[in-house]
Every structure is written in C-alpha cells, then in structure tokens.
Amino acid sequence: MADKEKLSIEQILAAARNKDGGGAGAAPASEAGPAETPKPAAKAAAPAKPGKMSVADMLAAARSSDAGGEAAESAPAAPAEAKTAAPAKKPGQMSVAEMLAAARGDKSGGAAAAKPAPAKKPAAAKAAPAAKEPVAAKHTGPKDTTSILAAARAGATKPGPITKAEAAARAKEAGADPTKKKSAAPPMPTKPDYAKVAAPAASSSERRGFMVAATAIFAGTFFMTSSLAIGFSSLAVTMLLWVLGFARFMFPNILTEPPTKFKVGFPDEYAPGQVATKFKAQFGVWVVRYEYNGQPEIYALQSVCTHLGCTPNWLEGEQKFKCPCHGSGFYKDGINFEGPAPRPLERFAIRVADDGQLEVDKSRKFKEEVGQWKDPASYVSV
Ligand code: FES
C-alpha cells in the first residue's frame with residue numbers, strides 16, 4: 001500500500017480522465033506502475049483501514065461521483081468509511097481519494113461530499129479545493145502535443161500573442177482592409193479668413209526681403225569692389241610717388257638761374273634817349289641810350305630800388321623811374337631825386353661783343369656814389 005500511494009498527481013488525474021472503462025478503470029491505474037497492481041484482497045482490505053485506500057479505490061471513488069451509476073453505489077462506501085473514520089483520524093491524515101471525493105462532493109452538492117469539508121482540518125480543506133481547481137481548469141483542453149497540434153490545425157484559436165500575418169488574416173476575415181492604417185490622421189482644420197488675406201502679404205514681404213537682401217549683397221559687393229579698387233589705386237599712386245621722389249633724390253640739387261651774360265642787340269637798334277624795358281622781366285635790366293655828364297652812352301641799369309629793394313617802374317610820360325613801395329624817384333640816368341632812396345641805381349657791366357651786339361654782364365656792378373660810373377666797362381660810347 002505504501003508503494004501505491006507514491007503515484008504522482010498527474011498519473012492519478014490521467015487515470016481519472018480515462019472514463020471509458022468503469023470496472024476496468026482499475027486496470028489502467030494498475031498499468032501506471034507495476035508495483036501498484038491492485039489485488040482483490042487488498043481492495044477488500046482497504047475499507048478495513050480507512051485512510052490507507054489504494055489508488056485504484058481512490059480513482060473508483062472519484063469516478064463514482066461523476067457517473068452516479070453503479071460506481072456511485074460502491075463509492076459512498078469508501079467515503080462513508082472515511083466519513084466515519086474521519087473523526088478518528090488525526091487532522092492532516094486524509095488521503096488523496098478523500099480529498100478528491102470531498103472536492104467532487106462540493107461540485108455535485110451531495111450530502112456525502114458536504115460533510116467531510118467541515119470535519120476536516122482547515123489545512124486539508126485549503127489543500128484540496130485550492131490546489132485542484134486550477135489543475136482541473138488548466139486541463140480542460142487537449143493535454144498532449146498531438147492533441148494540441150490537431151486542435152490548432154482544426155482552427156482553434158491560438159492562445160497568446162499572434163504574428164502580423166495572423167493579425168492581418170483575422171482583420172481580413174473580420175472585413176477590415178489590412179492595407180489601411182489603423183489610425184488615420186485627423187483632417188486639417190479649414191484655413192481662417194485672416195490667414196487667407198495674410199498670405200499675399202507674406203509673399204510680398206518675402207519678395208521685399210529678397211530684393212532688400214539682393215540689393216544689400218550687390219551694394220556690399222560693389223562697395224567692396226570699389227573699396228578694393230580705390231585702395232589698390234591709392235597704393236599704386238603712393239608707390240609711384242615714392243619712386244619719383246627717390247629718383248629726384250638721386251640727382252643733385254642745382255639752381256637753374258639765368259645766365260649772367262646775355263646779349264641785348266646792336267647799338268644802332270637804340271634811339272637816343274630810349275629806355276628799353278623788354279629785358280626787365282627776364283633779366284631785371286633797363287638798357288638806356290642817354291647822356292651822363294654830357295657824354296652819350298649806352299648803359300644797363302639794375303631794376304632794383306636802392307631803398308628797400310622794390311622794383312621801380314619806368315614812367316614814359318614823366319620820364320622817370322618810380323618806386324611803387326615808398327615813392328622814390330630816379331631820373332633817366334639813374335640819379336635819385338625823390339623819396340627815401342639814399343643813392344642812385346646801380347649799373348651792370350656792358351660791352352660790344354665780337355658779333356657787334358651789346359653784351360650785359362650781371363656779375364659786375366658799378367655804383368655812382370663811389371665814382372664807378374666813370375669806368376669804361378660800365379657803358380658803351382655811341
Ligand atoms: Fe623804393 Fe622804398 S623801396 S622807395
């Protein structure tokens with residue numbers, strides 16, 4: 001008996017599901033384990049020892065609750081014994097068969113099943129219904145692999161998550177279009193009037209912005225180009241000035257003065273009493289044909305005032321040289337007669353050159369106050 005009670009719960013349940021054979025139910029149960037081969041003597045001895053029923057008896061008692069036929073008549077015998085023996089048992093010593101019988105008794109509502117429940121200890125009551133109801137619910141469908149595959153091929157709903165193809169197939173069966181998206185985008189709201197009116201303004205603003213940007217770019221480019229052109233031109237001019245200045249620096253600083261000797265024409269070209277002023281501007285000289293101490297001469301007077309160095313003018317009407325600065329006056333022969341001038345005008349050296357022309361030499365001067373006008377180099381007799 002000890003070996004028989006070592007059957008697993010699955011074996012017991014498998015044997016219990018085998019409802020085909022009533023009296024033969026003991027045979028499959030015995031096939032579960034060779035050591036559990038039931039014997040009539042042992043089966044008969046089971047009632048004598050409550051709580052030590054064989055597995056076959058337990059299964060038979062369990063089936064009797066469902067069949068309600070002949071097994072129902074034999075089955076109560078065992079629970080009856082168990083019921084009668086229950087008070088004598090210690091709490092926690094109920095067999096599996098008693099637990100199953102108590103559980104099925106609750107389901108069928110029989111008086112036999114209702115009684116053991118309160119009589120048993122709370123621990124046993126907790127173990128029987130709580131542990132076995134989920135097991136019974138779990139095994140309502142096919143239990144082996146072959147049955148599960150057969151049920152799946154037969155079109156049974158696949159439990160658990162499904163693939164996209166399966167979802168599409170289900171949607172197609174339900175009439176929905178699998179190509180369409182589940183959630184369509186909501187329609188856009190209609191554009192308000194102020195937005196419609198503002199659209200052209202934005203376009204015009206964009207055009208104005210573009211024109212302003214283009215103008216700014218063009219102006220910037222032109223300004224940069226002009227600035228570069230002006231800068232390079234200024235640099236080129238500066239470099240040219242530097243080159244010219246350096247070239248001028250390389251040459252000696254020479255004064256270009258007029259020659260000290262120059263020819264003023266032939267003596268016959270001058271009439272008596274004539275004052276030639278045409279050499280005043282270029283050479284600062286008056287060429288005069290006049291008399292000095294009653295002797296006709298041609299001489300050259302320097303056109304510089306003896307007061308402070310101003311340039312007097314020949315006044316043909318007054319026949320005198322007049323200084324515009326302080327009013328000094330000189331006669332035609334150069335003698336001062338009015339104004340602040342302290343002395344007569346000075347003469348340059350003059351001579352008749354080899355070609356017969358009169359030649360003036362400004363490198364030599366003759367002063368009247370010291371008697372130099374008597375020097376023959378200071379005049380040409382005519
Ligand atoms: Fe000729 Fe003074 S400079 S009068």
Side-chain angles (χ1 to χ4, degrees), residues 241 244-382:
L241 292 176
L244 293 176
F246 181 75
R248 178 65 184 85
F249 175 76
M250 296 303 293
F251 287 93
N253 189 13
I254 300 174
L255 295 176
T256 55
E257 294 181 352
T260 58
K261 293 181 178 179
F262 53 92
K263 294 181 178 178
V264 295
F266 294 98
D268 299 339
E269 295 178 358
Y270 293 91
Q274 181 183 355
V275 177
T277 60
K278 58 182 178 183
F279 304 105
K280 175 188 174 183
Q282 184 177 3
F283 300 105
V285 174
W286 288 298
V287 178
V288 181
R289 182 176 178 177
Y290 193 58
E291 296 177 352
Y292 177 68
N293 293 330
Q295 182 180 354
E297 302 173 348
I298 296 177
Y299 48 84
L301 293 177
Q302 183 182 13
S303 61
V304 173
C305 180
T306 56
H307 178 218
L308 293 178
C310 291
T311 301
N313 298 313
W314 169 248
L315 301 180
E316 185 67 25
E318 299 179 8
Q319 292 291 305
K320 65 176 182 182
F321 300 101
K322 187 66 175 180
C323 181
C325 295
H326 307 98
S328 297
F330 304 89
Y331 293 119
K332 186 181 296 186
D333 56 3
I335 301 298
N336 59 301
F337 69 93
E338 63 178 352
R343 56 187 178 87
L345 298 174
E346 297 180 357
R347 291 182 179 182
F348 288 126
I350 185 172
R351 73 180 182 92
V352 177
D354 298 340
D355 58 354
Q357 294 189 60
L358 298 172
E359 183 183 65
V360 179
D361 184 5
K362 293 180 67 175
S363 62
R364 294 178 65 189
K365 290 183 180 179
F366 299 91
K367 296 180 180 179
E368 192 278 336
E369 66 269 19
V370 295
Q372 293 178 349
W373 284 10
K374 297 179 180 177
D375 188 339
S378 64
Y379 62 91
V380 174
S381 299
V382 291

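All residue numbers refer to positions in the sequence shown, counting from 1.
Looking at Q295 and N293, their side chains never bring a donor and an acceptor atom within 3.5 Å of each other.
Of the possible polar contacts, one joining the K322 side chain to the G327 backbone as a donor-acceptor pair under 3.5 Å is found. Judged by distance alone, with hydrogens and angles left aside, the side-chain atoms of S328 form no donor-acceptor pair with the main-chain N or O of G339 at under 3.5 Å.
Pairs of residues two or more places apart, or lying in two chains, that qualify as side-chain hydrogen bond (donor to acceptor under 3.5 Å, both in side chains) and include a residue from residues 267-290 are K280-N313.
Annotation: side chain of P342 is not in contact with side chain of N336 (no heavy-atom distance under 4.5 Å). With contacts defined as side-chain heavy-atom distances shorter than 4.5 Å, the pair V288/K332 qualifies. By the 4.5 Å heavy-atom criterion applied to side chains, V287 and I298 are counted as neighbours. Looking at heavy atoms from C-beta onward, L358 lies in side-chain contact with V352 at the 4.5 angstrom threshold.
Rounding to the nearest 0.5 Å gives a distance of 6.0 Å between CG of D355 and CZ of F266. Separating the CZ atom in F321 from the CZ atom in F337 is a distance of 10.5 Å, to the nearest 0.5 Å. Interatomic distance, Y331 OH to E318 CD, rounded to the nearest 0.5 Å: 12.0 Å. Note: K261 NZ to F283 CZ = 14.0 Å, rounded to the nearest 0.5 Å.
Contact between W314 and V275 at its shortest, heavy atoms only, is CZ2-CG2, 3.8 Å. Between G294 and P296, the closest heavy-atom pair is O-CD, 3.8 Å. In terms of heavy atoms, S363 sits closest to T260 at N-CB, 4.3 Å. A pairwise comparison of heavy atoms in F330 and A341 identifies CZ-CB, 3.4 Å as the closest pair.
Taking the six-membered ring for Trp and thresholds of 30 and 60 degrees, H307 and H326 have ring planes more than 60 degrees apart, a perpendicular arrangement.
Not less than 2.5 angstrom separates the SG atom of C305 from that of C323.
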I'd like a table of donor-acceptor pairs (distance under 3.5 Å, sequence neighbours excluded) in which one partner is a side-chain atom from residues 364-371, with atom names and distances.
residue : atom : partner : partner atom : Å
E368    : OE2  : Y292    : OH           : 3.1

Check residues 343-351 and write down every donor-acceptor pair under 3.5 Å in which the side-chain atom is one partner and the other belongs to a residue at least two apart or another chain.
residue : atom : partner : partner atom : Å
R343    : NH1  : E346    : OE2          : 2.9
R343    : NH2  : E346    : OE2          : 3.2
R351    : NE   : E359    : OE1          : 3.0
R351    : NH2  : E359    : OE1          : 2.9

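Within 6.0 Å of the NZ atom in K263, the count of heavy atoms belonging to other residues, nucleotides or ligands exceeds 12.
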Can you list the steps and then say if K362 with Q302 is a side-chain contact (heavy atoms from CB on, under 4.5 Å)? CA-CA 9 Å; K362 293 180 67 175; Q302 183 182 13; over 6 Å; no
